[in-house]
Number of protein chains: 2
Amino acid sequence: MMKNSFKSVIPETTLRRMVYYIRCLNSFKKEGVELIQSEDIAKKCGVKSSIVRKDLSYFGEFGVRGKGYDVASLLDTINGIIKTFGQMNAILVGAGKLGSAIIKHSSENFNVKIVAAFDKDKRKVNKIIEETRIYPLSEIEGIVREKKVKIAIIAIPPSDVQSVVDILVKAGIKAILSLALIPINVPDDVEVSFVDVLSEVEFLFYKLSLRRNR
Amino acid sequence: MMKNSFKSVIPETTLRRMVYYIRCLNSFKKEGVELIQSEDIAKKCGVKSSIVRKDLSYFGEFGVRGKGYDVASLLDTINGIIKTFGQMNAILVGAGKLGSAIIKHSSENFNVKIVAAFDKDKRKVNKIIEETRIYPLSEIEGIVREKKVKIAIIAIPPSDVQSVVDILVKAGIKAILSLALIPINVPDDVEVSFVDVLSEVEFLFYKLSLRRNR
DNA sequence: TTGCTCTTGTTATCACAATCACATAGTATA
DNA sequence: TATACTATGTGATTGTGATAACAAGAGCAA
(Lines give C-alpha, C1' and ligand atoms only; values in the text may rest on other atoms or scores of the structure.)
Protein backbone atom coordinates (compact mmCIF):
# COMPACT_ATOMS: atom_id res chain seq x y z
CA MET A 1 0.00 0.00 0.00
CA MET A 2 1.34 3.42 -0.91
CA LYS A 3 1.88 6.01 1.71
CA ASN A 4 0.83 9.62 1.24
CA SER A 5 3.54 12.22 1.00
CA PHE A 6 2.46 14.04 4.14
CA LYS A 7 2.89 12.74 7.65
CA SER A 8 -0.09 10.62 8.59
CA VAL A 9 -0.61 12.23 11.97
CA ILE A 10 -0.88 15.97 11.90
CA PRO A 11 -1.17 17.65 15.31
CA GLU A 12 -4.57 19.10 16.14
CA THR A 13 -3.00 22.44 16.92
CA THR A 14 -1.36 22.52 13.51
CA LEU A 15 -4.66 21.76 11.82
CA ARG A 16 -6.33 24.58 13.75
CA ARG A 17 -3.66 27.01 12.60
CA MET A 18 -3.99 25.82 9.01
CA VAL A 19 -7.40 27.49 8.99
CA TYR A 20 -5.73 30.84 9.59
CA TYR A 21 -2.86 30.20 7.20
CA ILE A 22 -5.22 29.38 4.37
CA ARG A 23 -7.33 32.46 5.02
CA CYS A 24 -4.14 34.47 5.14
CA LEU A 25 -2.87 33.00 1.88
CA ASN A 26 -6.17 33.69 0.16
CA SER A 27 -6.00 37.26 1.31
CA PHE A 28 -2.43 37.65 0.01
CA LYS A 29 -3.49 36.12 -3.29
CA LYS A 30 -6.39 38.53 -3.58
CA GLU A 31 -4.02 41.43 -3.00
CA GLY A 32 -1.87 40.16 -5.86
CA VAL A 33 1.08 39.12 -3.69
CA GLU A 34 2.91 36.26 -5.40
CA LEU A 35 5.78 35.44 -3.09
CA ILE A 36 5.74 35.35 0.70
CA GLN A 37 7.91 34.27 3.59
CA SER A 38 7.04 32.33 6.71
CA GLU A 39 7.56 35.56 8.62
CA ASP A 40 4.79 37.28 6.62
CA ILE A 41 2.27 34.56 7.40
CA ALA A 42 3.39 34.52 11.02
CA LYS A 43 2.85 38.24 11.51
CA LYS A 44 -0.56 38.20 9.91
CA CYS A 45 -1.71 35.21 11.97
CA GLY A 46 -0.12 36.26 15.23
CA VAL A 47 2.21 33.27 15.61
CA LYS A 48 5.98 32.68 15.31
CA SER A 49 7.59 32.04 11.95
CA SER A 50 9.19 28.83 13.20
CA ILE A 51 5.72 27.48 13.93
CA VAL A 52 4.52 28.34 10.45
CA ARG A 53 7.42 26.48 8.86
CA LYS A 54 7.01 23.51 11.14
CA ASP A 55 3.28 23.35 10.46
CA LEU A 56 3.74 23.49 6.69
CA SER A 57 6.45 20.85 6.89
CA TYR A 58 3.89 18.30 8.07
CA PHE A 59 2.37 18.50 4.61
CA GLY A 60 5.54 18.54 2.57
CA GLU A 61 8.24 20.89 1.27
CA PHE A 62 6.71 23.79 -0.57
CA GLY A 63 9.15 26.64 -0.13
CA VAL A 64 12.35 27.69 -1.82
CA ARG A 65 15.22 28.32 0.58
CA GLY A 66 16.45 31.86 0.51
CA LYS A 67 13.28 32.95 -1.28
CA GLY A 68 10.02 31.90 0.35
CA TYR A 69 6.74 30.40 -0.80
CA ASP A 70 4.81 30.91 -4.01
CA VAL A 71 1.37 31.94 -2.80
CA ALA A 72 -0.69 30.39 -5.58
CA SER A 73 1.07 27.06 -5.74
CA LEU A 74 1.19 26.75 -1.95
CA LEU A 75 -2.57 27.27 -1.85
CA ASP A 76 -3.14 24.79 -4.66
CA THR A 77 -0.98 22.16 -3.02
CA ILE A 78 -2.63 22.50 0.38
CA ASN A 79 -6.07 22.47 -1.20
CA GLY A 80 -5.05 19.31 -2.97
CA ILE A 81 -4.21 17.68 0.34
CA ILE A 82 -7.07 19.08 2.39
CA LYS A 83 -9.78 18.43 -0.13
CA THR A 84 -12.32 21.09 0.72
CA PHE A 85 -11.66 23.27 -2.32
CA GLY A 86 -12.99 26.36 -0.66
CA GLN A 87 -16.59 25.30 -0.36
CA MET A 88 -17.59 23.67 2.92
CA ASN A 89 -21.22 22.70 3.32
CA ALA A 90 -22.75 22.24 6.74
CA ILE A 91 -26.18 22.13 8.29
CA LEU A 92 -27.42 23.91 11.38
CA VAL A 93 -29.88 22.62 13.95
CA GLY A 94 -31.55 25.28 16.07
CA ALA A 95 -32.60 28.52 14.43
CA GLY A 96 -32.86 30.68 17.52
CA LYS A 97 -30.92 33.90 18.02
CA LEU A 98 -27.57 32.18 18.15
CA GLY A 99 -28.34 29.96 15.18
CA SER A 100 -29.53 32.90 13.09
CA ALA A 101 -26.40 34.84 13.98
CA ILE A 102 -24.30 31.94 12.73
CA ILE A 103 -26.21 31.78 9.46
CA LYS A 104 -25.67 35.49 8.96
CA HIS A 105 -22.01 35.19 9.90
CA SER A 106 -21.51 32.36 7.42
CA SER A 107 -23.30 34.23 4.64
CA GLU A 108 -20.64 36.92 5.00
CA ASN A 109 -17.84 34.37 5.03
CA PHE A 110 -17.30 32.62 1.72
CA ASN A 111 -15.82 29.45 3.15
CA VAL A 112 -18.47 27.73 5.25
CA LYS A 113 -21.94 27.51 3.77
CA ILE A 114 -25.01 26.56 5.80
CA VAL A 115 -27.03 24.67 3.20
CA ALA A 116 -30.02 24.01 5.43
CA ALA A 117 -31.26 24.85 8.91
CA PHE A 118 -33.59 22.83 11.13
CA ASP A 119 -35.79 23.68 14.08
CA LYS A 120 -38.32 21.81 16.14
CA ASP A 121 -40.51 24.92 16.45
CA LYS A 122 -43.17 24.62 13.73
CA ARG A 123 -43.58 28.40 13.57
CA LYS A 124 -40.02 28.78 12.36
CA VAL A 125 -40.27 26.11 9.68
CA ASN A 126 -40.16 27.37 6.08
CA LYS A 127 -38.86 30.76 7.13
CA ILE A 128 -35.75 31.86 5.28
CA ILE A 129 -32.74 33.46 6.95
CA GLU A 130 -30.17 34.93 4.57
CA GLU A 131 -31.15 32.49 1.81
CA THR A 132 -31.08 29.51 4.17
CA ARG A 133 -34.42 27.74 4.57
CA ILE A 134 -35.55 26.28 7.88
CA TYR A 135 -36.88 22.71 7.81
CA PRO A 136 -38.51 20.51 10.46
CA LEU A 137 -36.28 18.02 12.28
CA SER A 138 -38.01 15.18 10.45
CA GLU A 139 -36.30 16.23 7.24
CA ILE A 140 -32.76 16.08 8.60
CA GLU A 141 -32.03 12.59 7.39
CA GLY A 142 -33.34 13.14 3.88
CA ILE A 143 -31.53 16.41 3.29
CA VAL A 144 -28.26 15.24 4.83
CA ARG A 145 -28.23 12.21 2.54
CA GLU A 146 -29.34 14.11 -0.52
CA LYS A 147 -26.78 16.92 -0.16
CA LYS A 148 -24.10 14.60 1.25
CA VAL A 149 -23.44 16.93 4.17
CA LYS A 150 -20.92 15.64 6.69
CA ILE A 151 -20.86 18.41 9.29
CA ALA A 152 -23.57 19.78 11.59
CA ILE A 153 -23.63 22.74 13.95
CA ILE A 154 -26.08 22.44 16.82
CA ALA A 155 -27.35 25.52 18.65
CA ILE A 156 -30.09 24.02 20.79
CA PRO A 157 -30.93 23.71 24.51
CA PRO A 158 -28.87 21.11 26.40
CA SER A 159 -31.94 18.98 27.04
CA ASP A 160 -32.50 18.43 23.31
CA VAL A 161 -28.88 17.77 22.42
CA GLN A 162 -28.52 13.99 22.69
CA SER A 163 -31.74 13.20 20.83
CA VAL A 164 -30.78 15.51 17.96
CA VAL A 165 -27.26 14.08 17.92
CA ASP A 166 -28.71 10.59 17.54
CA ILE A 167 -30.72 11.73 14.51
CA LEU A 168 -27.64 13.38 13.00
CA VAL A 169 -25.45 10.32 13.47
CA LYS A 170 -28.11 8.09 11.98
CA ALA A 171 -28.31 10.44 9.00
CA GLY A 172 -24.60 10.04 8.35
CA ILE A 173 -23.14 13.21 9.87
CA LYS A 174 -19.43 12.72 10.64
CA ALA A 175 -18.59 15.83 12.66
CA ILE A 176 -20.65 17.85 15.12
CA LEU A 177 -19.94 21.27 16.53
CA SER A 178 -22.03 21.85 19.63
CA LEU A 179 -22.71 25.22 21.17
CA ALA A 180 -24.24 23.62 24.24
CA LEU A 181 -21.82 22.50 26.87
CA ILE A 182 -22.91 19.01 27.78
CA PRO A 183 -21.18 15.72 26.99
CA ILE A 184 -22.34 13.97 23.84
CA ASN A 185 -22.32 10.26 23.05
CA VAL A 186 -21.32 9.40 19.50
CA PRO A 187 -19.66 6.46 17.69
CA ASP A 188 -15.86 6.58 17.39
CA ASP A 189 -15.90 7.72 13.79
CA VAL A 190 -17.80 10.93 14.56
CA GLU A 191 -15.80 14.00 15.57
CA VAL A 192 -17.25 16.34 18.19
CA SER A 193 -16.14 19.75 19.31
CA PHE A 194 -17.56 22.44 21.51
CA VAL A 195 -17.66 26.20 21.37
CA ASP A 196 -19.09 28.27 24.17
CA VAL A 197 -18.56 31.98 24.56
CA LEU A 198 -19.70 32.20 28.16
CA SER A 199 -17.50 29.43 29.49
CA GLU A 200 -14.58 31.09 27.77
CA VAL A 201 -15.51 34.26 29.63
CA GLU A 202 -15.69 32.35 32.90
CA PHE A 203 -12.27 30.90 32.18
CA LEU A 204 -10.92 34.43 31.75
CA PHE A 205 -12.44 35.42 35.09
CA TYR A 206 -10.73 32.50 36.79
CA LYS A 207 -7.45 33.42 35.18
CA LEU A 208 -7.65 37.03 36.29
CA SER A 209 -8.75 36.04 39.76
CA LEU A 210 -5.85 33.67 40.30
CA ARG A 211 -3.39 36.11 38.82
CA ARG A 212 -4.12 38.61 41.54
CA ASN A 213 -3.58 35.96 44.19
CA ARG A 214 -0.02 35.30 43.27
CA MET B 1 5.73 36.81 52.55
CA MET B 2 3.12 34.11 52.99
CA LYS B 3 2.47 31.67 50.22
CA ASN B 4 -0.99 30.63 49.19
CA SER B 5 -2.03 27.07 49.86
CA PHE B 6 -2.59 26.26 46.20
CA LYS B 7 0.11 25.76 43.64
CA SER B 8 1.02 29.08 42.10
CA VAL B 9 0.89 27.90 38.52
CA ILE B 10 -2.29 26.14 37.53
CA PRO B 11 -2.33 24.69 34.01
CA GLU B 12 -4.58 26.47 31.53
CA THR B 13 -6.30 23.23 30.68
CA THR B 14 -7.10 22.67 34.34
CA LEU B 15 -8.55 26.14 34.66
CA ARG B 16 -10.74 25.54 31.62
CA ARG B 17 -12.08 22.35 33.14
CA MET B 18 -12.73 24.09 36.44
CA VAL B 19 -15.49 25.99 34.66
CA TYR B 20 -17.28 22.70 34.02
CA TYR B 21 -16.56 21.25 37.43
CA ILE B 22 -18.03 24.26 39.16
CA ARG B 23 -21.14 24.17 37.00
CA CYS B 24 -21.40 20.49 37.70
CA LEU B 25 -21.01 20.99 41.46
CA ASN B 26 -23.65 23.71 41.45
CA SER B 27 -25.98 21.40 39.63
CA PHE B 28 -25.37 18.59 42.15
CA LYS B 29 -25.94 21.02 44.99
CA LYS B 30 -29.21 22.17 43.47
CA GLU B 31 -30.34 18.55 43.24
CA GLY B 32 -29.60 18.14 46.93
CA VAL B 33 -26.66 15.80 46.47
CA GLU B 34 -24.29 16.25 49.41
CA LEU B 35 -21.49 13.81 48.76
CA ILE B 36 -19.87 13.02 45.42
CA GLN B 37 -16.90 11.15 44.03
CA SER B 38 -14.40 12.19 41.40
CA GLU B 39 -16.02 9.59 39.16
CA ASP B 40 -19.38 11.40 39.36
CA ILE B 41 -17.88 14.72 38.30
CA ALA B 42 -15.90 12.99 35.59
CA LYS B 43 -18.94 11.33 34.03
CA LYS B 44 -20.96 14.51 34.07
CA CYS B 45 -18.16 16.54 32.50
CA GLY B 46 -17.00 13.93 30.02
CA VAL B 47 -13.46 13.54 31.38
CA LYS B 48 -11.55 10.87 33.34
CA SER B 49 -11.75 10.68 37.11
CA SER B 50 -7.98 10.80 37.47
CA ILE B 51 -7.99 14.16 35.71
CA VAL B 52 -10.64 15.49 38.04
CA ARG B 53 -8.60 14.50 41.08
CA LYS B 54 -5.39 15.90 39.65
CA ASP B 55 -7.10 19.16 38.72
CA LEU B 56 -8.59 19.59 42.19
CA SER B 57 -5.24 18.75 43.75
CA TYR B 58 -3.73 21.91 42.28
CA PHE B 59 -5.97 23.84 44.65
CA GLY B 60 -5.54 21.67 47.72
CA GLU B 61 -6.86 18.53 49.40
CA PHE B 62 -10.61 18.66 49.74
CA GLY B 63 -11.74 15.06 49.64
CA VAL B 64 -11.96 12.30 52.20
CA ARG B 65 -10.30 9.05 51.16
CA GLY B 66 -12.70 6.18 50.91
CA LYS B 67 -15.63 8.61 50.87
CA GLY B 68 -15.45 11.42 48.34
CA TYR B 69 -16.04 15.16 48.34
CA ASP B 70 -18.59 17.21 50.28
CA VAL B 71 -20.34 19.19 47.56
CA ALA B 72 -21.07 22.33 49.54
CA SER B 73 -17.70 22.70 51.21
CA LEU B 74 -15.85 21.90 47.99
CA LEU B 75 -17.78 24.66 46.25
CA ASP B 76 -17.16 27.09 49.09
CA THR B 77 -13.46 26.35 49.14
CA ILE B 78 -13.01 26.75 45.42
CA ASN B 79 -15.06 29.93 45.41
CA GLY B 80 -12.78 31.18 48.15
CA ILE B 81 -9.76 30.62 45.94
CA ILE B 82 -11.24 31.70 42.63
CA LYS B 83 -12.86 34.86 43.87
CA THR B 84 -15.69 35.35 41.45
CA PHE B 85 -18.43 34.41 43.92
CA GLY B 86 -20.85 33.44 41.20
CA GLN B 87 -21.41 36.87 39.70
CA MET B 88 -19.13 37.73 36.81
CA ASN B 89 -19.72 41.11 35.21
CA ALA B 90 -18.59 41.80 31.68
CA ILE B 91 -19.30 44.30 28.95
CA LEU B 92 -20.02 43.64 25.31
CA VAL B 93 -18.95 45.74 22.34
CA GLY B 94 -20.96 45.19 19.17
CA ALA B 95 -24.71 44.70 19.45
CA GLY B 96 -25.31 43.04 16.09
CA LYS B 97 -26.93 39.65 15.69
CA LEU B 98 -24.07 37.81 17.31
CA GLY B 99 -23.79 40.31 20.16
CA SER B 100 -27.52 40.17 20.84
CA ALA B 101 -27.43 36.40 20.87
CA ILE B 102 -24.69 36.52 23.48
CA ILE B 103 -26.69 38.90 25.64
CA LYS B 104 -29.67 36.60 25.45
CA HIS B 105 -27.52 33.57 26.15
CA SER B 106 -26.01 35.24 29.21
CA SER B 107 -29.39 36.34 30.51
CA GLU B 108 -30.33 32.66 30.63
CA ASN B 109 -27.07 31.74 32.33
CA PHE B 110 -26.77 32.99 35.87
CA ASN B 111 -22.99 33.15 35.97
CA VAL B 112 -21.86 35.73 33.44
CA LYS B 113 -23.73 39.01 33.41
CA ILE B 114 -23.43 41.56 30.61
CA VAL B 115 -23.80 44.81 32.52
CA ALA B 116 -23.60 47.09 29.50
CA ALA B 117 -23.40 46.84 25.72
CA PHE B 118 -21.83 49.30 23.29
CA ASP B 119 -22.25 49.96 19.60
CA LYS B 120 -20.95 52.55 17.18
CA ASP B 121 -24.26 52.60 15.32
CA LYS B 122 -26.24 55.54 16.71
CA ARG B 123 -29.54 53.88 15.81
CA LYS B 124 -28.85 51.06 18.23
CA VAL B 125 -27.87 53.33 21.12
CA ASN B 126 -30.30 53.39 24.03
CA LYS B 127 -32.10 50.28 22.85
CA ILE B 128 -32.44 47.60 25.47
CA ILE B 129 -31.81 43.89 24.84
CA GLU B 130 -32.90 41.58 27.63
CA GLU B 131 -32.44 44.30 30.26
CA THR B 132 -29.03 45.30 28.90
CA ARG B 133 -28.83 48.87 27.61
CA ILE B 134 -26.77 49.81 24.58
CA TYR B 135 -24.44 52.80 24.92
CA PRO B 136 -22.27 54.69 22.43
CA LEU B 137 -18.57 53.80 22.32
CA SER B 138 -17.72 57.13 23.91
CA GLU B 139 -19.16 55.92 27.19
CA ILE B 140 -17.00 52.81 27.44
CA GLU B 141 -14.33 54.37 29.62
CA GLY B 142 -16.78 55.95 32.07
CA ILE B 143 -18.91 52.87 32.56
CA VAL B 144 -15.98 50.46 32.79
CA ARG B 145 -14.42 52.57 35.52
CA GLU B 146 -17.67 53.17 37.34
CA LYS B 147 -18.74 49.52 37.39
CA LYS B 148 -15.17 48.24 37.80
CA VAL B 149 -15.60 45.78 34.93
CA LYS B 150 -12.48 43.85 34.02
CA ILE B 151 -13.65 41.73 31.08
CA ALA B 152 -14.96 42.66 27.64
CA ILE B 153 -16.44 40.60 24.84
CA ILE B 154 -16.06 42.09 21.37
CA ALA B 155 -18.35 41.06 18.52
CA ILE B 156 -17.41 43.60 15.87
CA PRO B 157 -16.02 43.59 12.32
CA PRO B 158 -12.28 42.87 12.07
CA SER B 159 -11.56 46.35 10.76
CA ASP B 160 -12.85 47.95 13.98
CA VAL B 161 -11.17 45.58 16.38
CA GLN B 162 -7.83 47.22 17.16
CA SER B 163 -9.28 50.70 17.71
CA VAL B 164 -11.91 49.35 20.10
CA VAL B 165 -9.30 47.25 21.88
CA ASP B 166 -7.23 50.38 22.44
CA ILE B 167 -10.20 52.09 24.05
CA LEU B 168 -10.88 49.06 26.24
CA VAL B 169 -7.29 48.80 27.41
CA LYS B 170 -7.19 52.50 28.19
CA ALA B 171 -10.38 52.10 30.20
CA GLY B 172 -8.77 49.43 32.36
CA ILE B 173 -10.14 46.20 30.88
CA LYS B 174 -7.87 43.27 31.80
CA ALA B 175 -9.24 40.47 29.61
CA ILE B 176 -10.75 40.50 26.14
CA LEU B 177 -12.67 37.78 24.37
CA SER B 178 -12.76 38.46 20.66
CA LEU B 179 -15.18 36.87 18.23
CA ALA B 180 -13.27 38.27 15.26
CA LEU B 181 -10.29 36.29 14.16
CA ILE B 182 -7.52 38.83 13.73
CA PRO B 183 -4.45 39.32 15.91
CA ILE B 184 -4.78 41.92 18.65
CA ASN B 185 -2.07 44.05 20.21
CA VAL B 186 -2.36 44.53 23.96
CA PRO B 187 -0.03 45.15 26.91
CA ASP B 188 1.34 42.05 28.67
CA ASP B 189 -1.05 42.32 31.58
CA VAL B 190 -4.15 41.98 29.40
CA GLU B 191 -5.41 38.47 28.58
CA VAL B 192 -6.86 37.83 25.15
CA SER B 193 -8.72 34.87 23.80
CA PHE B 194 -10.62 34.08 20.64
CA VAL B 195 -13.78 32.18 19.84
CA ASP B 196 -14.96 31.61 16.31
CA VAL B 197 -17.61 29.14 15.32
CA LEU B 198 -16.81 29.10 11.63
CA SER B 199 -13.11 28.48 11.96
CA GLU B 200 -13.94 25.61 14.29
CA VAL B 201 -16.17 24.25 11.53
CA GLU B 202 -13.37 24.64 9.01
CA PHE B 203 -11.05 22.81 11.37
CA LEU B 204 -13.53 19.93 11.49
CA PHE B 205 -13.62 19.84 7.70
CA TYR B 206 -9.83 19.61 7.57
CA LYS B 207 -9.87 16.86 10.10
CA LEU B 208 -12.45 14.81 8.22
CA SER B 209 -10.69 15.41 4.93
CA LEU B 210 -7.34 14.21 6.20
CA ARG B 211 -8.88 11.25 7.95
CA ARG B 212 -10.11 9.84 4.65
CA ASN B 213 -6.62 10.21 3.17
CA ARG B 214 -5.00 7.86 5.58
C1' DT C 1 33.50 28.63 -9.69
C1' DT C 2 33.63 30.64 -5.35
C1' DG C 3 31.69 33.02 -1.78
C1' DC C 4 27.98 35.56 0.25
C1' DT C 5 23.23 36.13 1.60
C1' DC C 6 18.88 34.66 2.58
C1' DT C 7 15.14 31.67 4.14
C1' DT C 8 13.70 27.19 4.39
C1' DG C 9 13.37 22.55 6.61
C1' DT C 10 14.75 19.85 10.54
C1' DT C 11 16.78 18.27 14.67
C1' DA C 12 17.32 18.46 19.40
C1' DT C 13 15.60 20.34 23.49
C1' DC C 14 12.43 22.04 26.59
C1' DA C 15 7.84 22.66 28.68
C1' DC C 16 3.53 21.16 29.60
C1' DA C 17 -0.36 18.00 29.97
C1' DA C 18 -2.51 13.32 30.24
C1' DT C 19 -2.40 8.92 32.14
C1' DC C 20 -1.42 5.23 35.05
C1' DA C 21 -0.76 2.84 39.15
C1' DC C 22 -0.53 2.65 43.83
C1' DA C 23 0.53 4.23 48.51
C1' DT C 24 -2.26 6.51 51.70
C1' DA C 25 -5.76 7.52 54.77
C1' DG C 26 -10.06 7.47 55.76
C1' DT C 27 -14.80 4.50 56.67
C1' DA C 28 -17.39 0.43 57.98
C1' DT C 29 -17.98 -3.94 60.12
C1' DA C 30 -17.40 -7.48 63.24
C1' DT D 1 -9.01 -3.51 67.94
C1' DA D 2 -8.35 -5.70 63.81
C1' DT D 3 -9.55 -6.36 59.11
C1' DA D 4 -11.52 -5.35 54.86
C1' DC D 5 -12.82 -1.93 51.84
C1' DT D 6 -12.97 2.34 49.26
C1' DA D 7 -11.74 6.52 46.94
C1' DT D 8 -8.38 10.09 47.30
C1' DG D 9 -3.91 12.28 46.27
C1' DT D 10 0.46 11.88 43.94
C1' DG D 11 4.88 10.31 41.88
C1' DA D 12 6.48 8.31 37.76
C1' DT D 13 5.88 7.77 32.94
C1' DT D 14 4.46 8.71 28.61
C1' DG D 15 2.96 11.65 25.06
C1' DT D 16 2.51 15.94 22.69
C1' DG D 17 3.45 20.45 21.21
C1' DA D 18 6.44 24.77 21.27
C1' DT D 19 10.89 26.74 20.71
C1' DA D 20 15.37 27.61 19.38
C1' DA D 21 19.19 26.94 16.74
C1' DC D 22 21.33 25.52 12.83
C1' DA D 23 22.42 22.80 8.61
C1' DA D 24 21.02 22.67 3.98
C1' DG D 25 19.72 24.53 -0.25
C1' DA D 26 18.78 28.15 -3.54
C1' DG D 27 19.84 32.57 -5.74
C1' DC D 28 23.08 36.04 -7.04
C1' DA D 29 27.20 38.54 -8.03
C1' DA D 30 31.89 38.88 -9.24
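Reckoned from all heavy atoms, side chains included, excluding hydrogens, waters and symmetry mates. So you know, we letter chains A, B, ... as the sequences are listed, proteins then strands, and number each from 1.
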pair A/Lys120-A/Asp160: side-chain heavy atoms closer than 4.5 Å: yes
Whether each nucleotide of nucleotides 3-8 of chain D has a protein heavy atom under 4.0 Å at its base (B), only at its sugar-phosphate (S) or at neither (-) is summarised, 5' to 3', as ---BBB
May I ask you to say what B/Lys48 touches in the nucleic acid, namely base, sugar-phosphate or nothing, with a heavy-atom cut-off under 4.0 Å? sugar-phosphate
Please check the phosphate of D/dA18 (OP1 and OP2 only) for any side-chain N or O of A/Thr13 closer than 4.0 Å. yes
Excluding sequence neighbours, so at least two apart, what forms salt bridge (Lys or Arg N to Asp or Glu O under 4.0 Å) with B/Lys54? none
Relative to A/Phe28, does A/Lys44 satisfy both conditions: NZ or CZ under 6.0 angstrom from the six-membered ring centre, and within 45 degrees of the ring's axis? yes
Whole Å only: how far is the CG atom of B/Asp70 from the P atom of C/dT27? 13 Å
Can you name the residues that form a ring-ring contact (aromatic ring centres under 6.0 Å, His included) with A/Tyr21, not counting sequence neighbours? none
Whole angstrom is fine here: how far is it from CD1 in A/Ile51 over to C1' in C/dA15? 13 Å
For A/Asn185, does its backbone N or O pair with a side-chain atom of A/Gln162 as donor and acceptor, under 3.5 Å? yes
Taking NZ from A/Lys54 and P from D/dC22, how many angstroms apart are they, rounded to a whole number? 16 Å
Is the shortest heavy-atom distance from the side chain of A/Asn89 to the side chain of A/Lys147 under 4.5 Å? no
Contact class for B/Arg16 (heavy atom, under 4.0 Å): base, sugar-phosphate, or nothing? nothing
Taking CD1 from B/Ile10 and C1' from C/dA18, how many angstroms apart are they, rounded to a whole number? 17 Å
What is the distance, rounded to the nearest whole Å, between atom CG of A/Leu56 and atom P of C/dT8? 9 Å
Measure from CG on B/Asp55 to P on C/dA17 and round the result to the nearest Å. 10 Å
Measure from CD1 on A/Ile41 to P on C/dT7 and round the result to the nearest Å. 14 Å
